[in-house]
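Encoded as structure tokens, the structure appears first; notes follow it.
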Amino acid sequence: RDRMTDATRPTILVVDDTPANVTLMSGLLQQEYTVKAATNGERALKIAFGEQPPDLILLDIVMPEMDGYEVCRQLKANPATAQIPVIFLTAKSDSEDEALGLAMGAVDYITKPVSPAIAMARIGTQMSLYRHKQRIKETFGQYVDPRIVENLISGRTEGAPAGEKQVVTVYFSDLVAFTALAELLSPAGLVGFINEYFAVMSEPIRAHNGVIDKYIGDSIMAFWSPPFSPAATQAADACLAVAAQLDALEAFRARVPDLVGLRKGVPNVGMRIGLASGDAIVGSIGSKTSRSFTVMGDTVNLGSRLEGANKVYGTRVLLDETTREMAGEAIRVREIDSLSVVGKTEPVAVFELLGAAGSPDPLPEGLVEAYARGLALYRDGNWREAQKAFATCLGIAPDDGPTKTLLARCWALLRDPPERWDGSWQLASK
């Protein structure tokens, strides 16, 4: 068998409170594996939770202060270490002890005194299985979110194949000026450009606990929900991911001429993004031959509609009131309008994402307050006074898209007042 270099050899963590046992197993393993050792549970967890976790753990059960069962429980409770194979290596030989160890999540149970040949064979089998799963995860992780792949290959599906209802935050984005670029580039050039764009914009989503559902042409669909993103922070995570995307967009724009091989007539690329939170069905959807792990429901439709509504208001990012409430103090927003959409009995308050809390204000000073005054008058049906307020807004920011949209609406409403007015605007289907 070819010997692997230290950089490529798998690492095994040996955990035993008896130094002689550690020495014995280390001597047995070190010719094929990199060996780390711990003589207590606390030290074992510190190593496992570190920057370079082991590929497999040999774990004694009877140890002072923290026994092996508790170490295993904490390992399996942490997503970062839950998939590391644990083999109990112990003097406890009763069948009940073995059953308990396997129920805790261990992949095997070896009793002392150890037979070197049997131990190496069983360790080798589990290491091969683990590395095989890692190769599957790396390969399919390019097409499906690696965390979903991990759940599928480990059998931990959290009830998702049948679909379950839970609160999710849904994201849709669209690349502005894609059509113009497509007319200028060769097919190979266009694919290269869009792949680089997706790589840049996908990273903030994954870095903030989001799951990329699919790429649709030049669009990205993603979502945040347990178990992938904590319920308490999922909306904030989504908003902060978007803020990071907008920061990354500025640097990406500077690279576009090099990416497309053009120096003149390069379209100014941008993004439109919609975020919505609420109940949705999360699960594996499809036929017997082809399935997709995705989300469905009115919340998904709303997120898509809000992405498209950016065209109406001249904005880049719109989010619904539920997302705004769930994100709390993590973000800064401006309320834009109230929209009536299919599937919702009540109008939905819509907000523009201005950035993370504490970030520089992208709008001129006084614009948010002036716009809020105009919006209140507009909703009250006092369109004449609302026009004056929005005129003040244009004096502060002549190119403000939401102001231009609502000012034009005031003119239209004054010319042709509706029979009933609740302050909301009917959002057309995308």
Carefully, step by step, assess V350 and S338 under the rule side-chain contact (heavy atoms from CB on, under 4.5 Å).
CA-CA 6 Å; V350 176; S338 293; over 6 Å; no
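- Between the CZ atom in R272 and the CG atom in D174 there is a gap of 5.0 Å [rounded to 0.5 Å].
- Between T34 and P10, every side-chain heavy-atom pair lies at or beyond the 4.5 Å cut-off.
- Rounding to the nearest 0.5 Å places CG of D108 at 7.5 Å from CG of L102.
- At a cut-off of 3.5 Å, with distance as the only test, no side-chain donor of N301 or S304 sits close to an acceptor on the other residue.
- When all heavy atoms of A106 and C72 are compared, the pair lying nearest together is N-SG, 4.3 Å.
- Taking the side chain as every heavy atom from C-beta outward, M326 and Q234 approach each other to under 4.5 Å.
- No side-chain heavy atom of M63 sits under 4.5 Å from any side-chain heavy atom of D16.
- Among residue pairs with one or both ends in residues 237-248, those qualifying as side-chain hydrogen bond (donor to acceptor under 3.5 Å, both in side chains) are Y171-Q245, N209-D237, S229-D237, T233-D237; sequence neighbours excluded.
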With salt bridge (charged side-chain N to carboxylate O under 4.0 Å, His left out) as the test, would you mind laying out the steps for D337 and R409 before giving the verdict?
CA-CA 12 Å; D337 202 356; R409 289 234 196 105; 2.8 Å; yes
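- For residues 389-400, the pairs satisfying salt bridge (charged side-chain N to carboxylate O under 4.0 Å, His left out) are R334-D400, D399-K404, with sequence neighbours left out.
- Annotation: side-chain hydrogen bond (donor to acceptor under 3.5 Å, both in side chains) contacts involving residues 70-80, sequence neighbours excluded, comprise E70-R73, E70-Q74.
- When every heavy atom of A330 is checked against every heavy atom of A236, the shortest pair comes out as CB-CB, 3.8 Å.
- Remark: L89 CG to I123 CD1 distance equals 7.5 Å, nearest 0.5 Å.
- When side chains are defined from C-beta on, Y371 counts as touching P402, because their heavy atoms get closer than 4.5 Å.
- Closest approach of G374 to A386, counting heavy atoms only: O-CB, 3.7 Å.
- For the pair R253 and N268, the minimum side-chain heavy-atom distance is below 4.5 Å.
- Judged purely by distance below 3.5 Å, without hydrogens or angles, the side chains of D17 and T39 never pair a donor atom with an acceptor atom.
- Expressed to the nearest 0.5 Å, how far CG of L339 lies from CD1 of I336 amounts to 10.0 Å.
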Donor-acceptor contacts under 3.5 Å from residues 49-59 side chains, at least two apart:
residue: D55; atom: OD2; partner: T11; partner atom: N; Å: 2.7

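- How far CG of L306 is from CG of L318: 6.0 Å, rounded to the nearest 0.5 Å.
- The CG atom of L319 sits 10.0 Å away from atom CG of L302, with the distance rounded to the nearest 0.5 Å.
- The main-chain N or O of G355 is never found under 3.5 Å from a side-chain atom of S359 such that the two would form a donor-acceptor pair.
- In terms of heavy-atom proximity, L367 sits nearest to A397 at CD2-CB, 3.9 Å.
- Taking the ring centroids of W383 and F390, they lie at or beyond the 6.0 Å cut-off.
- Contact annotation: the side chain of F172 approaches that of V300 to within less than 4.5 Å [non-hydrogen atoms, C-beta and beyond].
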Would you mind writing out the side-chain donor-acceptor pairs for residues 182-201 within the sub-3.5 Å range, not counting sequence neighbours?
residue: S186; atom: OG; partner: G189; partner atom: N; Å: 3.0
residue: N195; atom: ND2; partner: V191; partner atom: O; Å: 3.4
residue: E196; atom: OE2; partner: R255; partner atom: NH1; Å: 3.3
residue: E196; atom: OE2; partner: R255; partner atom: NH2; Å: 2.8

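- Looking only at side-chain heavy atoms (C-beta outward), P362 and R332 come within less than 4.5 Å of each other.
- Between the side chains of S277 and T169, at least one donor N or O sits under 3.5 Å from an acceptor N or O.
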Give the C-alpha distance, both sets of side-chain angles, the deciding distance and a yes or no for side-chain contact (heavy atoms from CB on, under 4.5 Å) between L414 and Q387.
CA-CA 10 Å; L414 284 167; Q387 283 180 319; 3.5 Å; yes
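- Pairing each heavy atom of A44 with each of L13, the nearest pair is O-CD2, 3.7 Å.
- One N or O on the side chain of R324 and one on the backbone of G328 form a donor-acceptor pair closer than 3.5 Å.
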side-chain contact (heavy atoms from CB on, under 4.5 Å) for D67 and V62? Distances and angles first, verdict last.
CA-CA 5 Å; D67 66 15; V62 181; over 6 Å; no
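- Screening residues 365-390 for salt bridge (charged side-chain N to carboxylate O under 4.0 Å, His left out) gives E335-R379, E385-K388 as the qualifying pairs, with residues at least two apart or on separate chains.
- Of all heavy-atom pairs spanning A327 and C239, the tightest one is CB-SG, 4.2 Å.
- A donor-acceptor pair under 3.5 Å links the side-chain atoms of N310 to the main chain of V317, judged by distance alone.
- Side chains of Y109 and E98 form a contact here, defined as non-hydrogen atoms less than 4.5 Å apart.
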Could you check L275 against V170 for side-chain contact (heavy atoms from CB on, under 4.5 Å), going step by step and ending with a plain yes or no?
CA-CA 6 Å; L275 290 170; V170 180; over 6 Å; no
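- Annotation: W421, atom CH2; neighbour count of heavy atoms from other residues, nucleotides and ligands within 6.0 Å is above 12.
- Counting heavy-atom neighbours within 6.0 Å of E42 CD, excluding the residue itself, gives a total of 12 or less.
- A donor and an acceptor atom, one from each side chain of Y215 and S202, are located under 3.5 Å apart.
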